Structure formats: structure tokens, C-alpha cells
Visitor: 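To start, I am sharing the structure in question, which I have written as C-alpha cells.
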Amino acid sequence: MTTHSNTPSGWYPDPHGASRTMRYWDGVQWTEQTRAEGPGEGAPQVPPQPGPDHRVQSQVQQQAGVAPSGPGGGTLFSEPVLVVNQKAKLIELTNEYKVMDQQGNQLGSVVQVGQSMLRKIVRFLASIDQYLTQRLEIRDAHGHPVLLLTRPAKIFKSRVIVTRPDGQPVGEIVQQNVFGKINFAINADGRQVGAIKAENWRAWNFAIVDHADNEVARITKTWEGLAKTMFTTADNYVLQIHYQLPEPLLSLVVATALTVDTALKQDARGLG
């Protein structure tokens, strides 16, 4: 039996390729990345992969109070815990987030798209940008879009439209009220399949329930630190999914981790 002591994690003999060819398995499918099996073959070397972020483990366990659980599938849609940390910026012109598992391994990212230079200037000069249409891409670990979020222009209540990259509709997340504990309806195929319920009037934490009002997931806002709180716009969240959910509820629940911040928290920053 041949061993590959120097083979990085995730690389295996290519089941469909030539001999001595390795292919990368990302936990769901074989990727297009290949390399030679042995050294000195002229194949590209594996780029260094970032290791676990131990600060994230503290964020999940100490701040969010989520007990360590077994490993998931290593993707945005197969992990029981997703950590969503907004990129800290003194002046924020574009929303950017990093999405990790409970160990701090990056699973994907979220990036605001479709902003013109004029929109960035408007955002720099005034807060009116928060009422204009917002678009975000949820991307996997390889940078490929997996979900698109569009929040149309609003006055008081937010509505977020969730689609696949090919334009196929997934559902909508619709704000139900303005005052008191903020609630959102999760809709798909013309019916309500769940809801997001704030647990206090400041809307720091949310319970996510299915159509029968059973809690299926929870969003907990975690403290980003005194310096970030005072001088940046960064917000950090932990999404805990209690069990494997069916589609389209799963995709909509994953989208809520970003929707809450885009639809509500950006408005609240600096207003009390």
C-alpha cells in the first residue's frame, strides 16, 4: 500500500486521471485543481492554506455559548455552526464578511456588489445609502457565488430576495414590523416556511423557526471588541443550525446570517 506522507490534506489520487496525478476533494465534489503525485514533476505546488482561527473558537464557545459539536461537511450548507464576521473598516464603502466554521476555517465570504463610484461617494458623504438597493454575493471557499441577495430600496421595512447564481428564485425574507421586537417572515413558493424573531427590542439575537414555530436555528451577535465597536462598523454573528434542514429553508436560513445585518443592523449603527 502506497502512502503519501507529504501529501496535503484534501488531495487524493485522481479517480479519472492519469497515474501519479492528484486531485483536490473539497468535501462535496472533485475540483479542477490537479497536481503531480511526487516531487520534482513540474506540477504546481499547493498554495498555503490558512489554519484555524482560535479567536473564532472563543467567539463561538465563550461569547455565543455554543458548545463544540462534531465536524460538519466543510461547506456553507453542511456545517452546524457558521461564524459571520464583518471586515472591520474605519470608513465602510462596501460591505464585506468572512464566513467560517466553528474552528475558524474559512468556508466562504460575502461581498457587496454592483456599487458604482457615485454610490460609494454617496455612502461616504451621507447615510442615505442604507435606504437604497443593496446587493450581496454569498461565495464558497473557492470564490464561486452560491447565493445572491438583493434588498430593494426601502423606507422603513426591509425585503431581501434570495436567488441562485443562475437567477432561480429561492425565497424572500420580509420584515414584518418596525417597532418593538423585529420579526421577519421567511417565504418560499408563495408561502411562509419560517420566521426570524428578535429576542429583544435592540435585535441583537434572533431565533429562527420553521412553519410550525419550532426553533431550527439561532443567530447570536458577538462582541467585536471595544476598539471595533467604537471606531468601525464591524458586526460579528454566530449562526447555529440545530439539525440538517430541507431546501429551500436551509438556503434561506444561511442567507439570514447576512440578511439581518444588511436589512437591520446597518441602519441601527450610530443611532442608539
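One-based numbering along the sequence shown. Since this is a predicted model, take the numbers as computed values, not measurements.
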Visitor: Can you tell me how far CD1 of I208 sits from CG of N214, rounded to the nearest 0.5 angstrom?
Guide: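 It is 14.0 Å, given to the nearest 0.5 Å.
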
Visitor: Counting only heavy atoms not in H211 (residues, nucleotides, ligands), do more than 12 fall under 6.0 Å from its NE2?
Guide: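 It does not: H211 NE2 has 12 such atoms or fewer within range.
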
Visitor: Report the C-alpha distance between E215 and H242 in whole Å, list the side-chain angles of each, state the deciding distance to 0.1 Å, and finish with yes or no for side-chain contact (heavy atoms from CB on, under 4.5 Å).
Guide: CA-CA 8 Å; E215 183 175 310; H242 300 329; 2.8 Å; yes

Visitor: Verify the distance criterion only: is there a donor paired with an acceptor across the side chains of Q112 and Q134 at less than 3.5 Å?
Guide: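 There is such a pair (donor and acceptor under 3.5 Å, judged by atom type) between the side chains of Q112 and Q134.
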
Visitor: Could you check whether any side-chain heavy atom of N236 comes within less than 4.5 Å of a side-chain heavy atom of V84, counting everything from C-beta outward?
Guide: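 No. Closest side-chain heavy atoms not under 4.5 Å.
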
Visitor: Check for me, please, whether V146 and V162 land in the same ILVMFWY cluster - side-chain distances under 4.5 Å, paths through other members count.
Guide: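 Linked, V146 and V162 end up in one cluster.
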
Visitor: Would the distance check show the side chain of Q175 and the main-chain N or O of S158 forming a donor-acceptor pair, the cut-off being under 3.5 Å?
Guide: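 Yes.
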
Visitor: Please find the pair of heavy atoms, one from L252 and one from I173, that lie closest to each other, and give the distance.
Guide: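 Distance-wise, the nearest heavy atoms are O-CD1, 3.9 Å.
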
Visitor: Any chain of hydrophobic side-chain contacts (each under 4.5 Å) joining I219 to L250?
Guide: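 The answer is yes; both residues are in one hydrophobic cluster.
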
Visitor: Would a distance-only check, ignoring hydrogens and angles, find a side-chain to backbone donor-acceptor pair under 3.5 Å from D101 to L82?
Guide: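 Judged by distance alone, no pair lies under 3.5 Å.
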
Visitor: Quick one: closest heavy-atom pair of G72 and P80, and the distance?
Guide: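 Closest approach of G72 to P80: CA-CD, 4.0 Å.
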
Visitor: Under 3.5 Å, side chain of N187 to main-chain N/O of G190, donor-acceptor pair present?
Guide: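 Looks like no, no N/O pair under 3.5 Å.
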
Visitor: Which heavy-atom pair separates G74 from L107 by the least distance, and what is that distance?
Guide: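 Of all heavy-atom pairs spanning G74 and L107, the closest is O-CD2, 3.5 Å.
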
Visitor: What do you reckon, is OH of Y243 surrounded by more than 12 foreign heavy atoms closer than 6.0 Å?
Guide: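 Counting other residues, nucleotides and ligands, OH of Y243 exceeds 12 neighbours.
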
Visitor: Using modelled atom types only, decide if a donor and an acceptor are shared between the side chain of T133 and the backbone of A153 within a distance under 3.5 Å.
Guide: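 At least one qualifying donor-acceptor pair exists.
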
Visitor: Would you name the heavy atoms of A198 and N183 that are closest together and state the gap between them?
Guide: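 Heavy-atom minimum between the residues: N-OD1, 3.5 Å.
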
Visitor: Could you grab the distance from atom OG1 of T220 to atom CG of L239, nearest 0.5 Å is fine?
Guide: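 Output value for this atom pair is 9.0 Å.
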
Visitor: CZ of F206 to OG1 of T256: how many Å apart, nearest 0.5 Å?
Guide: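 Taking CZ in F206 and OG1 in T256, the distance rounds to 9.5 Å.
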
Visitor: Does the side chain of Y97 reach to within under 4.5 Å of the side chain of L136, using non-hydrogen atoms?
Guide: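 Touching, per the 4.5 Å side-chain cut-off.
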
Visitor: Show the nearest heavy-atom pair for residues S251 and V170, with the distance to one decimal.
Guide: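 So the two residues come closest at CB-CG1, 4.0 Å.
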
Visitor: Can you confirm whether V99 sits close enough to V110 that some side-chain heavy atom of one is under 4.5 Å from a side-chain heavy atom of the other?
Guide: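 With C-beta onward as the side chain, the pair touches.
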
Visitor: Indicate yes or no: at least one non-hydrogen side-chain atom of I138 is less than 4.5 angstrom from one of L149.
Guide: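 They are in side-chain contact.
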
Visitor: Under 3.5 Å, side chain of E137 to main-chain N/O of L148, donor-acceptor pair present?
Guide: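 Flag not set: sc E137 to bb L148 has no pair under 3.5 Å.
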
Visitor: Establish whether V174 and V254 are linked, either directly or via other cluster members, by ILVMFWY side-chain heavy-atom contacts under 4.5 Å.
Guide: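 No; tracing contacts between hydrophobic side chains, which count when under 4.5 Å, never links both residues.
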
Visitor: Would you mind checking if E172 and R191 are paired as a salt bridge, meaning a charged N to carboxylate O distance below 4.0 Å?
Guide: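 E172 and R191: not salt-bridged.
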
Visitor: Linking I/L/V/M/F/W/Y whenever their side-chain heavy atoms sit closer than 4.5 Å, directly or via other members, would V253 and I161 fall into one cluster?
Guide: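 Not linked; separate clusters.
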
Visitor: Hey, which of K181, K221, R218 is the one that makes salt bridge (Lys or Arg N to Asp or Glu O under 4.0 Å) with E199?
Guide: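 It is R218; the other options fail the test.
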
Visitor: Say you draw a straight line from CZ of F184 to NZ of K197; how long is it, rounded to the nearest 0.5 Å?
Guide: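 Interatomic distance, F184 CZ to K197 NZ, rounded to 0.5 Å: 14.0 Å.
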
Visitor: Mind running side-chain contact (heavy atoms from CB on, under 4.5 Å) on Y237 and N205 for me, showing each step along the way?
Guide: CA-CA 9 Å; Y237 293 85; N205 303 322; over 6 Å; no

Visitor: Do you reckon V209 sits in the same ILVMFWY cluster as V238, going by side-chain contacts under 4.5 Å, direct or chained?
Guide: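 No; V238 is not reachable from V209 via cluster members.
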
Visitor: For the residue pair I196 and I186, establish whether any side-chain heavy-atom pair is separated by less than 4.5 Å.
Guide: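 They are in contact (side-chain heavy atoms under 4.5 Å apart), so the answer is yes.
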
Visitor: Working to the nearest 0.5 angstrom, can you tell me the gap between T150 OG1 and R159 CZ?
Guide: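 Answer rounded to 0.5 Å: 9.5 Å.
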
Visitor: For a quick test of reading the model, state the closest non-hydrogen atom pair linking L76 to R139 and the distance between them.
Guide: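 Closest heavy-atom pair between L76 and R139: CD1-O, 3.5 Å.
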
Visitor: Between E79 and T75, do the side chains contain an N or O donor and an N or O acceptor separated by less than 3.5 Å?
Guide: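 Distance-only check fails for E79 and T75.
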
